[in-house]
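Each remark here refers to the structure printed beneath this line.
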Amino acid sequence: MIKKKSVGLLLTVLLVALLAGCSSEAGGGKTVKLAYVAWDSEIASTYIVKEVLESKLGMTVEMLQVDAGPMWAGIADGSADAMVAAWLPSTHASYLEQYGDKIKDLGPNLEGTKTGLAVPTYMDINSIEDLKNSDLAEKLQGRIVGIEPGAGIMMSTEQAITDYGLGDYTLLESSSAAMVQELEKAYQNNEPIVVTAWTPHWMFANMDLKYLEDPQSVYGGAEQIHTMVRTGLAEDMPEVYQFLDQFNWTSEDMEQVMVDIQAGAAPEDAAKSWVEEHADQVNSWTVQAQK
């Protein structure tokens with residue numbers, strides 16, 4: 001009788017252990033580390049990827065918000081698994097040159113992006129060359145309002161200041177959020193301002209803005225946003241690799257998420273709503289990963 005109870009107890013313990021193991025392995029029991037920069041566009045795309053990994057593939061996701069340089073370095077040294085925020089061929093060209101042989105490029109996830117200097121349409125200038133006007137430089141207080149130091153667009157703007165002979169100007173380092181706040185404040189008061197800008201971005205939907213022409217092509221032409229993953233991800237997490245390889249969307253898709261976040265929604269909630277409303281599109285990304 002004692003033996004039967006002992007055997008029964010042992011079986012119960014083994015069953016509990018088995019169930020616990022199965023539970024801990026939901027989604028493979030894997031944690032995916034996503035690196036991203038705190039640009040509105042990259043917040044939108046990275047939170048979409050997070051939502052799909054968690055809700056469709058059962059993964060745990062760790063979000064790593066860093067500057068552009070550490071984002072690339074993290075993928076290269078394997079401390080991060082992936083990012084969907086590589087602006088190519090121009091904006092992040094220096095990072096691609098430095099780290100390109102240590103990472104895997106899965107190709108573009110969004111086409112037709114653009115970077116440059118932008119101003120409100122009420123300003124009577126059309127080219128970066130117009131900024132050389134001394135009266136205008138004085139009105140602008142010699143400021144070009146930028147974002148995080150180390151961002152590709154900041155390096156391009158430093159080059160533009162040199163190439164266009166804008167010695168009267170200082171490129172202000174801040175953040176993407178602080179840049180937009182400065183822009184909104186000037187816009188509401190009909191004041192002149194020049195900012196580093198990129199599209200897709202919700203500020204172009206909320207304000208009448210224009211890019212300044214770039215005759216020297218310092219900022220390059222139309223760009224793409226690429227997905228980059230660490231070496232070995234295809235072997236370690238094949239389902240994650242498959243999904244990321246299929247992930248692609250449009251500027252309009254991204255703007256929907258950005259506008260919701262700008263209106264007050266948490267990034268997680270905006271991403272969840274978008275994923276629920278675009279089930280067929282999301283399924284096309286994950287169908288191979290779920291086999």
Reported [atom1]-to-[atom2] distance for the pair [X] and [Y], which is rounded to 0.5 angstrom:
X: Leu233; Y: Met228; atom1: CG; atom2: CE; value: 14.0 Å
X: Glu129; Y: Glu213; atom1: CD; atom2: CD; value: 9.0 Å
X: Met258; Y: Glu42; atom1: CE; atom2: CD; value: 9.0 Å
X: Leu166; Y: Ile128; atom1: CG; atom2: CD1; value: 8.0 Å
X: Met154; Y: Leu171; atom1: CE; atom2: CG; value: 4.0 Å
X: Gln65; Y: Thr46; atom1: CD; atom2: OG1; value: 10.0 Å

Q) Are Tyr36 and Leu64 connected, step by step, through hydrophobic side chains (Ile, Leu, Val, Met, Phe, Trp, Tyr) whose heavy atoms are closer than 4.5 Å? A) no
Q.
When you group the ILVMFWY residues by side-chain heavy-atom contacts below 4.5 Å and let the links chain together, are Tyr122 and Ile144 in the same group?
A. yes
**Q.** Pi-cation contact, Phe243 with Lys56 (under 6.0 Å, within 45°)
**A.** no
Q) Does the pair Tyr219 and Thr91 meet the rule for a side-chain hydrogen bond (donor to acceptor under 3.5 Å, both in side chains), with working shown? A) CA-CA 7 Å; Tyr219 293 94; Thr91 303; over 6 Å; no
With a 4.5 Å heavy-atom cut-off, do [X] and [Y] have their side chains touching?
X: Val49; Y: Leu244; answer: yes
X: Leu131; Y: Leu212; answer: yes
X: His226; Y: Leu106; answer: no
X: Val287; Y: Gln246; answer: no
X: Leu140; Y: Met123; answer: yes
X: Trp72; Y: Gln98; answer: no
X: Ile225; Y: Glu223; answer: no
X: Ile261; Y: Tyr47; answer: no

For [X] versus [Y], what's the shortest heavy-atom pair and its separation?
X: Ala93; Y: Leu88; value: N-CD2, 4.4 Å
X: Met83; Y: Ala35; value: CB-O, 3.2 Å
X: Asn126; Y: Lys210; value: OD1-NZ, 3.3 Å
X: Lys139; Y: Pro192; value: O-CG, 4.0 Å
X: Asp236; Y: Arg230; value: OD2-NH1, 2.9 Å
X: Val37; Y: Ala68; value: CG1-N, 3.5 Å

(Q) Name the residue from Asn248, Thr227, Asp245 that meets the side chain to side chain donor-acceptor pair (under 3.5 Å) definition with Asn109. (A)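 Exactly one candidate clears the test, Thr227.
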Give a yes or no on whether the backbone of [Y] and the side-chain of [X] come within a donor-acceptor separation of less than 3.5 Å.
X: Asn283; Y: Asp280; value: no
X: Asp77; Y: Ser79; value: yes
X: Ser41; Y: His201; value: no
X: Gln216; Y: Asp163; value: yes
X: Thr231; Y: Lys102; value: yes
X: Ser174; Y: Gly146; value: yes
X: Ser175; Y: Ala178; value: yes
X: Ser273; Y: Ala270; value: no
X: Ser176; Y: Ala38; value: yes

**Q.** Short side-chain donor-acceptor distance under 3.5 Å, Tyr164 and Asp214
**A.**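 Tyr164 and Asp214 do have a side-chain donor-acceptor pair below 3.5 Å.
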Q.
Side chains of Ser127 and Asp130: any donor to acceptor distance under 3.5 Å?
A.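 Not at all, the side chains of Asp130 and Ser127 share no donor-acceptor pair under 3.5 Å.
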Q.
Check the orientation of Trp274 and His278. Use parallel for under 30°, tilted for 30 to 60°, and perpendicular for over 60°.
A.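 If you compare the ring of Trp274 with that of His278, the planes turn out parallel.
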Q: Mind telling me whether His92 and Trp39 have parallel, tilted or perpendicular rings, with 30° and 60° as the class edges?
A: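 Because their plane-to-plane angle lies in the 30° to 60° range, the rings of Trp39 and His92 count as tilted.
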**Q.** Pair Lys272 + Glu268, salt bridge at N-O below 4.0 Å
**A.**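 Looking at Glu268 together with Lys272, the answer is no, because their closest N to O distance does not fall below 4.0 Å.
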Q. Salt bridge or not for Lys33 and Asp81, using N-O below 4.0 Å?
A.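 So Lys33 does not pair with Asp81 through a salt bridge.
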Q.
Consider side-chain contact (heavy atoms from CB on, under 4.5 Å). Of Ile193, Leu172, Ile147, which one does Met179 pass it with?
A.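 Testing each of Ile193, Leu172, Ile147 against Met179, the sole residue satisfying side-chain contact (heavy atoms from CB on, under 4.5 Å) is Ile147.
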Q: Evaluate the side-chain contact (heavy atoms from CB on, under 4.5 Å) criterion for residues Trp198 and Ile153: first the C-alpha distance (whole Å), next the side-chain angles of each, then the deciding distance (0.1 Å), finally the verdict.
A: CA-CA 9 Å; Trp198 62 95; Ile153 194 173; 4.3 Å; yes
Q.
For Ile48 and Asp253: C-alpha separation, side-chain torsions, deciding distance, then whether side-chain contact (heavy atoms from CB on, under 4.5 Å) applies.
A. CA-CA 11 Å; Ile48 287 291; Asp253 292 330; over 6 Å; no
Q: Could you walk me through whether Val119 and Leu209 pass the side-chain contact (heavy atoms from CB on, under 4.5 Å) test, one step at a time?
A: CA-CA 6 Å; Val119 299; Leu209 307 173; over 6 Å; no
Q. Between Asn206 and Glu184, does a side-chain contact (heavy atoms from CB on, under 4.5 Å) hold up when you go through it step by step?
A. CA-CA 9 Å; Asn206 287 18; Glu184 288 179 321; 5.5 Å; no
Q: Answer yes or no: does atom CG of Asp124 have more than 12 heavy-atom neighbours from other residues, nucleotides or ligands under 6.0 Å?
A: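 No, not enclosed.
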